[in-house]
Amino acid sequence: MASYKLLLLPGDGIGPEVMGEVGKLVSWLDRQGVASFETETDLVGGASYDATGQSITDAAMGRAMAADAVLFGAVGGPKWDSVPYEARPEAGLLRLRKDLGLFANLRPAICYPALADASSLKREIIEGLDIVIVRELTGGVYFGEPKEIVTLENGERRGVDTQVYTTHEIDRIARVAFELARKRRNKVTSSEKRNVMKCGVLWNQTVTALHKAEFQDVVLEHQLADALGMQLVRWPKQFDVIVTDNLFGDMLSDVAAMLTGSLGMLPSASLGAEDPKTGQRKALYEPVHGSAPDIAGKGLANPIAMFGSFAMTLRYSFGLLEAADLVERAISNVLEQGLRTKDIASAGQNAVGTSEMGDAILREVQALAN
Ligand code: IPM
Ligand code: MG
């Protein structure tokens, strides 16, 4: 039986609560003999800062490097608002992305039919929605240098962040988008601000050149990032795969999340380059929702994005496609049966807590497996 090393980093806020639910599923799959999962758990974010003074330790980084996949909960919260910038909870996540080389962030936004009424948009606009945002994750303004606040001679202070992309970085993320589109509805929309930014001009030229050289069978469209934000809420079904930079991808994927009814629904995969020898990629899977400090510790969080992220782990890192389908079908069935956490309940509908939702998904997986 195949054996996989899985590192769990629950983090802060609702991270540990939603991770706990998925932990039950991992143990069950292990007991069933679907595969053998060797799991380790470590600290990240504010939890790590409180224990060690760092948002992630070298030891935890070492475990992440050695793992076949990392499952990540969430980081951050008001408790750590005043910690030094270098040690803020988010720095742990950014170090994981950078040091593991996870340049490709896949954020699918799927609207389950049962949830069409939970979205703030009209049913006809989002029913049947199935799009993926491919976000560049290790470049752009997140990591560009200089990145600083300096004091000028006149005593004023100046903040500087640097947006920077090389052709190699644009090329490899565009390739991920084109290859993904070939397995889907064969359309890529590339997004930047070429009307204002040099990086946007280079992004546009590089994606266009790659398309011409290798992917002419895929439909390619360009939209300015502001217009794309508008189109996402106007008629999102026009899209299949959207490819964009780190910052635009951050913003647009939160918008896309709400199309599906709730931020609590959106999973994501962050992938590195394929190792030429083993064919493996470094990978980290995380829900898009973040730590939600307002509801943390109350047992109210929706664990579906975390389950969805684990389904992506099974699919992309372990090649356990049947098990991945099982988890995704279980999520869909539980929603069909009317089960709702608070974030996706409509007015007057009863809401269940995190562990009731987790247990229901696990029961449904078990029922489907028999
Ligand atoms: C995300 C988050 C992160 C980001 C934060 C927590 C650093 O918003 O994954 O979308 O900005 O990338
Ligand atoms: Mg974000």
Side-chain angles (χ1 to χ4, degrees), residues 9-16 18-19 43-49 54-56 61 64 70-81 83-109 131-144 147 161-163 165 169 173 191 225 228-229 232 242-260 262-272 282-294 296 301-302 305-306 308-309 312-313 343:
L9 297 174
D12 309 322
I14 61 171
V18 294
M19 186 71 82
L43 298 172
V44 70
S48 174
Y49 177 79
Q54 292 174 295
S55 54
I56 189 158
M61 277 307 305
V70 178
L71 205 55
F72 185 97
V75 288
K79 183 178 172 199
W80 301 283
D81 273 352
V83 308
Y85 184 80
E86 295 66 38
R88 73 199 189 288
E90 291 77 7
L93 175 58
L94 296 178
R95 180 169 176 204
L96 279 160
R97 289 175 180 170
K98 192 69 178 175
D99 289 6
L100 296 180
L102 308 174
F103 70 90
N105 185 214
L106 276 44
R107 299 191 158 183
I131 63 177
V132 183
I133 296 190
V134 176
R135 168 187 175 191
E136 199 292 324
L137 203 61
T138 51
V141 76
Y142 272 63
F143 296 99
K147 191 177 196 62
D161 293 280
T162 306
Q163 168 82 343
Y165 272 108
E169 288 175 304
I173 193 70
S191 188
L228 190 136
L232 259 182
I242 293 170
V243 63
T244 190
D245 79 9
N246 206 342
L247 184 61
F248 294 140
D250 179 46
M251 302 180 56
L252 294 171
S253 61
D254 267 26
V255 176
M258 269 322 285
L259 301 175
T260 69
S262 163
L263 209 49
M265 299 296 299
L266 211 67
S268 82
S270 303
L271 308 174
K282 293 252 181 295
L284 178 146
Y285 300 85
E286 63 177 307
V288 172
H289 51 58
S291 62
D294 52 323
N302 182 353
M306 191 79 241
S309 300
M312 292 184 92
T313 315
D343 56 308

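Note that this is a predicted model, so its numbers are computed, not measured. Just follow the structure's listing: the first ligand is 1, and inside any ligand the first atom is 1.
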Novice: Assess the residue pair Tyr165 and Asn246 against the criterion (side chain to side chain contact (heavy atoms under 4.5 Å, CB included)); give the C-alpha distance rounded to whole Å, side-chain angles, the decisive distance to 0.1 Å, and a yes or no.
Specialist: CA-CA 10 Å; Tyr165 272 108; Asn246 206 342; 3.6 Å; yes
Novice: Any donor-acceptor pair under 3.5 Å linking the side chain of Glu90 with the backbone of Gly92?
Specialist: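 Looks like no, no N/O pair under 3.5 Å.
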Novice: Take Val134 and Ile173, measure what side chain to side chain contact (heavy atoms under 4.5 Å, CB included) needs, and give me the verdict at the end.
Specialist: CA-CA 8 Å; Val134 176; Ile173 193 70; 3.6 Å; yes
Novice: From Asp161 CG over to Leu247 CG, what is the distance, rounded to the nearest 0.5 angstrom?
Specialist: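 So the gap between those two atoms works out to 9.5 Å.
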Novice: Quick one: report the N, O or S atom of Asp250 that is nearest to the Mg ion (ligand 2).
Specialist: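 Atom name returned: OD1.
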Novice: Any idea which protein heavy atom is nearest atom 10 (O) of ligand 1, and the distance to it?
Specialist: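 Looking at atom 10 (O) of ligand 1, the protein heavy atom closest to it is Asp250 OD1, 2.8 Å.
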Novice: Looking only at heavy atoms of Arg135, does any of them come nearer than 4.0 Å to an atom of ligand 1?
Specialist: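 Yes, Arg135 has heavy atoms under 4.0 Å from ligand 1.
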Novice: May I ask you to list the atoms of ligand 1 that are less than 4.0 angstrom from any heavy atom of Arg97?
Specialist: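 The list of qualifying atoms is 1 (C), 4 (C), 9 (O), 12 (O).
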Novice: Taking Ser191's backbone N and O only, do any of them form a donor-acceptor pair with Thr244's side chain (distance below 3.5 Å, no angle check)?
Specialist: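 Pair found, side chain donor or acceptor close to backbone of Ser191.
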Novice: Hey, does Glu286 come in under 3.5 Å of ligand 1, counting only N/O atoms on both sides?
Specialist: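 For ligand 1, there is no N or O atom that lies under 3.5 Å from one belonging to Glu286.
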Novice: Within the structure, is a non-hydrogen atom of Arg88 found at a distance of less than 4.0 Å from ligand 1?
Specialist: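 No, that is not the case, since the closest heavy atom of the residue is not under 4.0 Å from the ligand.
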Novice: Treating Asn105 as the side-chain partner and Leu137 as the backbone partner, does any N or O pair qualify as donor plus acceptor under 3.5 Å?
Specialist: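 No; judged by distance alone, with no hydrogens or angles, the pair does not exist.
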Novice: Identify the protein heavy atom lying closest to atom 11 (O) of ligand 1, giving its residue, its atom name and the separation to 0.1 Å.
Specialist: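 Ranked first by proximity to atom 11 (O) of ligand 1 is Tyr142 OH, 2.5 Å.
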Novice: Please state which protein non-hydrogen atom is closest to atom 1 (C) of ligand 1 and give its distance, to 0.1 Å?
Specialist: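 Minimum-distance protein heavy atom for atom 1 (C) of ligand 1 reads Arg107 NH2, 3.4 Å.
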Novice: Taking C-beta and beyond as the side chain, do Ser270 and Glu286 meet within less than 4.5 Å on heavy atoms?
Specialist: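 In short, these two side chains touch, coming nearer than 4.5 Å.
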Novice: Please report which non-hydrogen protein atom sits nearest to atom 5 (C) of ligand 1, along with the residue it belongs to and the distance in Å to one decimal place.
Specialist: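 Result: Glu90 CG, 4.2 Å.
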